[in-house]
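In what follows, every heavy atom counts, from backbone to side chain, and hydrogens, waters and symmetry copies are set aside. Only a predicted model underlies this, so the values are computations on that prediction, with no experimental measurement involved.
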Amino acid sequence: MDPAAGRREPTMRDVAALAKVSTKTVSRVINGLPGAGAEVTERVRDAARTLGYRPNLTASSLRRSDRRSATIGVLFEDLSNPFDAALLRAVEDRARHSSVLVLAGSSEDDHTQQRELLVSLSARRVDGLVVMAAGGHQDALQHERERGTPMVLVDRPPTFGATDCVTTTNRASSRDAVGHLAALGHRDIAFLGDRRTLWTSQERYAGYVEGLAHAGVPLRGELVRTDLHGEDLAAAATTALLDLDRPPTALFTAQNLVTVGAQRVLRERGLHHRVAVIGFDDFPLADLLDPGITVVRQDVPGLGRKAADLVLARIDGDTSPPVHAVVPSALVHRGSGEIAPS
């Protein structure tokens with residue numbers, strides 16, 4: 001027989017009886033409201049611990065005057081991607097300091113899935129949202145924002161107003177990376193990018209074009225490959241580039257999984273010490289390869305902390321104008337981006 005069968009969960013009345021206070025006082029202490037002295041507060045907490053009392057946060061949020069649930073929703077593209085996972089951890093760490101729980105999901109860059117997750121989070125009465133918008137239309141996000149839900153977009157800015165966002169120096173950092181390759185003498189620099197519907201992809205491609213122009217290097221259209229969603233497509237594109245009559249001597253891979261796919265092909269062909277590579281976004285073990293992978297490394301913890309700070313401030317009533325915060329990226333030299341053309 002299950003020993004928990006028939007066991008009654010302790011209630012707020014039980015805590016009040018043990019602590020010898022009113023249920024109203026217990027409610028104040030549990031919900032962090034003023035009005036109870038230090039000695040009474042400690043007595044209530046001791047009673048709650050003794051009884052194993054767990055507050056019903058959903059019910060208490062309905063009773064509280066501010067209607068808060070002490071939760072925020074996080075919607076990123078793919079939580080299995082190291083970038084998204086690190087970003088979530090940064091948001092979660094900052095939220096935890098404010099005693100706020102994070103509910104997270106992956107949209108897979110699918111508008112329908114993003115909309116369904118938004119509805120689900122809204123039904124759970126989250127106090128705010130941190131979202132990596134799916135590429136293309138942002139109608140569902142705009143609708144949720146117009147309903148009054150505090151929202152911060154991270155990595156990709158909103159296409160609608162009155163909404164905070166946090167991004168990095170996509171264009172400028174890409175321009176610097178291509179300039180670094182050109183300064184080594186490379187004139188055949190390929191671009192391998194993610195989906196063209198993504199703002200980040202567009203910005204990184206613009207930086208690539210600007211970097212070539214600034215260095216006086218002609219743009220070769222056949223060296224540009226986009227819509228590479230995942231390692232396999234990136235590997236196929238890299239293979240095609242290397243098979244050209246005039247193959248690239250350097251690659252600018254504008255997303256971490258694209259970098260991984262490109263590296264796989266270079267190593268299979270024994271070209272990883274001959275073809276230079278700079279990737280946008282770091283990834284695990286990139287520094288342990290031979291050569292180490294030179295990357296444009298985003299300050300992922302900084303992006304997450306800033307996004308969390310903004311949404312928590314909005315939840316607390318900040319009505320200042322919307323913010324577009326930019327957290328700089330840095331070019332990290334490890335060897336692959338320092339290979340000169342043969």
Side-chain angles (χ1 to χ4, degrees), residues 82-83 86 168-194 200-201 203-220 222-226 228 231 234-235 237-244 246-302 327-342:
F83 174 79
T168 192
T169 49
N170 289 283
R171 183 180 297 206
S173 294
S174 298
R175 181 173 62 242
D176 292 345
V178 172
H180 177 72
L181 293 169
L184 292 171
H186 291 284
R187 291 297 177 267
D188 297 305
I189 304 171
F191 175 87
L192 293 90
D194 202 344
T200 48
S201 296
E203 286 291 290
R204 293 169 193 177
Y205 176 69
Y208 163 79
V209 173
E210 290 174 5
L212 293 178
H214 187 264
V217 177
L219 172 65
R220 288 177 56 197
E222 63 181 345
L223 296 185
V224 175
R225 305 298 164 105
T226 58
L228 308 177
E231 298 176 23
T238 304
T239 298
L241 287 169
L242 296 176
D243 287 341
L244 292 173
R246 183 179 154 195
T249 61
L251 309 178
F252 176 53
T253 51
Q255 196 255 8
N256 58 357
L257 298 182
V258 172
T259 305
V260 172
Q263 276 294 312
R264 186 197 309 161
V265 174
L266 291 178
R267 289 169 188 279
E268 287 173 353
R269 294 197 174 196
L271 296 174
H272 50 294
H273 286 285
R274 295 175 55 191
V275 177
V277 176
I278 296 181
F280 204 112
D281 289 337
D282 212 346
F283 58 92
L285 306 182
D287 56 331
L288 300 182
L289 297 174
D290 178 28
I293 308 303
T294 298
V295 297
V296 175
R297 183 167 63 194
Q298 298 194 59
D299 180 4
V300 184
V327 179
S329 294
L331 184 61
V332 180
H333 305 271
R334 292 184 178 138
S336 72
E338 288 64 56
I339 299 172
S342 301

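- Surrounding NE2 of H333 are more than 12 heavy atoms belonging to other residues, nucleotides or ligands, all under 6.0 Å away.
- Note that CZ of F280 is 8.5 Å distant from CZ of F83, once rounded to the nearest 0.5 Å.
- Under the 4.5 Å side-chain criterion, counting only non-hydrogen atoms from C-beta, L266 is in contact with Q263.
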Practice problem: Check the pair L251 / V275 against side chain to side chain contact (heavy atoms under 4.5 Å, CB included), numbers first and verdict last. | Solution: CA-CA 7 Å; L251 309 178; V275 177; 4.0 Å; yes
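- Rounding to the nearest 0.5 Å gives a distance of 10.0 Å between CD1 of I278 and OG of S174.
- Under a 3.5 Å cut-off, the side chain of T238 and the backbone N or O of V265 do not form any donor-acceptor pair.
- Between D176 and R171, no side-chain nitrogen of the basic residue sits less than 4.0 Å from a carboxylate oxygen of the acidic one, so the salt-bridge criterion is not met.
- Between V224 and L219 there is a side-chain heavy-atom pair separated by less than 4.5 Å.
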Problem set entry | Trace of the side chain to side chain contact (heavy atoms under 4.5 Å, CB included) decision for T259 with V295 | CA-CA 9 Å; T259 305; V295 297; 5.7 Å; no
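- For the residue pair E338/T294, the side-chain donor-acceptor check at 3.5 Å is satisfied.
- Listed for the R204 side chain is a donor-acceptor partner under 3.5 Å among the backbone atoms of A254.
- Looking only at side-chain heavy atoms (C-beta outward), N256 and P82 come within less than 4.5 Å of each other.
- By the 30° and 60° cut-offs, the orientation of the rings of F252 relative to F191 is tilted.
- For the pair R334 and D290, the salt-bridge criterion is not met [side-chain N within less than 4.0 Å of a carboxylate O].
- Under the 4.5 Å side-chain criterion, counting only non-hydrogen atoms from C-beta, L184 is not in contact with I339.
- How far CG of D194 is from CD of Q255: 4.5 Å, rounded to the nearest 0.5 Å.
- Taking CG of L181 as the start and OG1 of T249 as the end, the distance is 8.0 Å to the nearest 0.5 Å.
- In this structure a side-chain-to-backbone donor-acceptor pair under 3.5 Å is present from H180 to G337.
- For the pair D282/V300, no side-chain contact is recorded, criterion being any heavy-atom separation below 4.5 Å from C-beta on.
- Here the CG atom belonging to L241 is positioned 13.0 Å from the CZ atom belonging to R246, to the nearest 0.5 angstrom.
- Going from atom CG of D287 over to atom CG of L289 covers 8.0 Å, rounded to the nearest 0.5 Å.
- Heavy atoms of other residues, nucleotides or ligands lying less than 6.0 angstrom from CZ of R297 number 12 at most.
- Using modelled atom types and a 3.5 Å distance limit, the side chains of D281 and Q298 yield a donor-acceptor pair.
- Counting heavy atoms of neighbouring residues, nucleotides and ligands inside a 6.0 Å radius, atom CZ of R274 does not exceed 12 of them.
- Judged by distance alone, the side chain of T169 and the main-chain N or O of S329 form a donor-acceptor pair under 3.5 Å.
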